[in-house]
Number of protein chains: 2
Amino acid sequence: MVTNKYDSIYQDIAAQIESGKLKKHTKLPSENELSEAYGTSRETIRKALNLLSQHGYIQKIKAKGSIVLDIGRFDFPVSGLTSFKEVAEKVGQQFHTTVHELYVMKPDSFLQNELKISAKEEVWKVARTREKDGERIILDKSFFVKKYVPGLTKEICEDSIYAYLEGDLNLNISFARKEITVEECTDEDRTYLDLNGYNHIVVVRNNVFLDNASLIEYTESRHRLDKFRFVDFARRSR
Amino acid sequence: MVTNKYDSIYQDIAAQIESGKLKKHTKLPSENELSEAYGTSRETIRKALNLLSQHGYIQKIKAKGSIVLDIGRFDFPVSGLTSFKEVAEKVGQQFHTTVHELYVMKPDSFLQNELKISAKEEVWKVARTREKDGERIILDKSFFVKKYVPGLTKEICEDSIYAYLEGDLNLNISFARKEITVEECTDEDRTYLDLNGYNHIVVVRNNVFLDNASLIEYTESRHRLDKFRFVDFARRSR
DNA sequence: CAGTGGTCTAGACCACGAC
DNA sequence: TCGTGGTCTAGACCACTGA
């Protein structure tokens, strides 16, 4: 996709690891060998290796080499910075999305704060449920700043809003603040979800930013307890 | 702590942001100005800025500059890669730790798999509760590979095992796989925790690795529902 | 000892935004 | 057009590992 040299090297090696061509627990070629093999400088190779390291593919060990890790990375079915559709596809899960609400509204003080906008701005409200094996297990309540997202349709919301934002509107989703808590179910949860008798629900709150650091979206993803799972790879930062 | 040039620049700028000397939503000096100010090359400045970006301090905008973000980063009271003590201190929370179990054992097949060790290895089991405002709200069940951690004492477990590993044993905690789910309470939970009537519990599972990619620890952190909160800063990886 | 990854430099060209 | 951050290069020295 991106045409960087280091990014394409990253993708190449990552693909080799995922396909098993590069075996787990074995050593990568040294940085010097890689720079020769890819016909590039060592610094560029290092950028690619750092990406692999950050994404949990390899571990670099000083004076020894880089070894391939075997951490299952692609199994975090929690919506967040990645669009729900992308995650579902990656995990190979089949979900059906139903749009329950889609309209423009004025933000209350809570939304004004979460989206850092004034009372005069307008926002889209989108309420969707995600259904799997006949059970509605996730309720997504999303709010988009209308200034950045002038038009939204039921079709877009049923497919992928992120694909629309990035593909059609040319907006770049860049980063997010994510918060996970467990809370008591609301009447809304009971209305829209098949709660299976649970009185609590996992709430994932997301404030999503564009690459110019503007807030574009606030979403509450409400997951049924037993269907929630979040997997992360984290490096120790000092 | 570390003597890198780019790391000390990172820490310097991060401190300026946290102290408010660099105001939120304002621009940093350009990379050229910074490299002159710090008397270093631009690539070194860029390494420092990338750290700031990865940690949620700034957002870099091409052809414009780097702006200071105002994402509250230091509020994730969930044990994980950072030691419980470090997190508690950062959040300014007072916890009291009680060691309930501390002994050496043979790993069952579950632990053999989680720690990737053979049945002949030995592991430390450490069970601790964390108490706040008179309530025992977190149960940590940790298993350390004895090969790497020969001696453990009640005093170490009450203080900080990580400080012992890194300070005394000179081991480098490097990365972890983390998984968050919600499960039904066990009798053990009911024995050790003040569950306040809840029938479910948040379980955070951690597989912790050293910098040579060896697994050293598997921990189950069991949090009372209403006291659990996980906050993350995530960049879109694409 | 040679090879490794970690750091650092002083250049270079590019695409893009603002003026 | 000028300044910005993004990419890339071809060196260099270091500390450490392993033979």
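In what follows, chains carry the letters A, B, and so on, assigned in the order in which the sequence lines appear, proteins first and then strands, with residues in each chain numbered from 1.
- Judged by distance alone, the side chain of A/Asn212 and the main-chain N or O of A/Ser214 form a donor-acceptor pair under 3.5 Å.
- Residue A/Thr181 holds its OG1 atom at 8.5 Å from CD of A/Glu220, rounded to the nearest 0.5 Å.
- We find that CD of B/Glu43 is positioned 17 Å from C1' of D/dC13, with the value rounded to whole Å.
- The main-chain N or O of B/Asp211 is found under 3.5 Å from a side-chain atom of A/Gln59 such that the two form a donor-acceptor pair.
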note = Heavy-atom contacts, protein to nucleotides 14-19 of chain C, under 4.0 Å, summarised as B (base), S (sugar-phosphate only) or - (none) per nt, yield --BSS-
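- Here A/Ile67 contributes atom CD1 and A/Leu22 contributes atom CG; the two are 13.0 Å apart, rounded to the nearest 0.5 Å.
- The distance between atom CG of A/Asn32 and atom C1' of C/dG6, rounded to the nearest whole Å, is 13 Å.
- Summarising the geometry, the separation between CG on B/Leu28 and C1' on D/dT4 is reported as 13 Å, rounded to the nearest angstrom.
- At whole-Å resolution of the value, CD1 in B/Ile9 and C1' in C/dC8 are 11 Å apart.
- Whole-Å rounding puts the A/Arg46 CZ to D/dC14 C1' distance at 13 Å.
- A/Leu49 comes within 4.0 angstrom of nothing in the nucleic acid, heavy atoms only.
- A sub-4.0 Å separation between OP1 or OP2 of D/dT9 and a side-chain N or O of A/Thr44 is present.
- Spacing between atom CG of B/Asn50 and atom C1' of D/dG6 amounts to 10 Å, rounded to whole angstrom units.
- Contact check, B/Tyr6 against C/dC8: no side-chain N or O comes under 4.0 Å of OP1 or OP2.
- Each of D/dG5, C/dG5, C/dC8 was ranked by its minimum atom distance to the side chain of B/Lys60; first place goes to D/dG5.
- The distance from atom CD of B/Glu36 to atom P of C/dG11 is 13 Å, rounded to the nearest whole Å.
- Rounded to whole Å, the distance from CD on B/Glu31 to C1' on C/dA10 is 15 Å.
- Looking at every heavy atom in both residues, B/Pro107 comes nearest to B/Ser118 through CG-O, 3.8 Å.
- Side chain A/Arg42 to base C/dG5: a donor-acceptor pair is found below 3.5 Å.
- For NZ of A/Lys27, the number of neighbouring non-hydrogen atoms (other residues, nucleotides, ligands) closer than 6.0 Å is 12 at most.
- At the phosphate of C/dT9, OP1 or OP2 sits under 4.0 Å from a side-chain N or O atom of B/Lys5.
- Using a 4.0 Å cut-off, some side-chain N or O of A/Thr40 falls inside it from OP1 or OP2 of D/dT9.
- Ring pair B/Tyr218/B/Phe110: centre-to-centre distance below 6.0 Å.
- B/Ser30 has a side-chain polar atom (N or O) that falls below the 4.0 Å cut-off from OP1 or OP2 of D/dT4.
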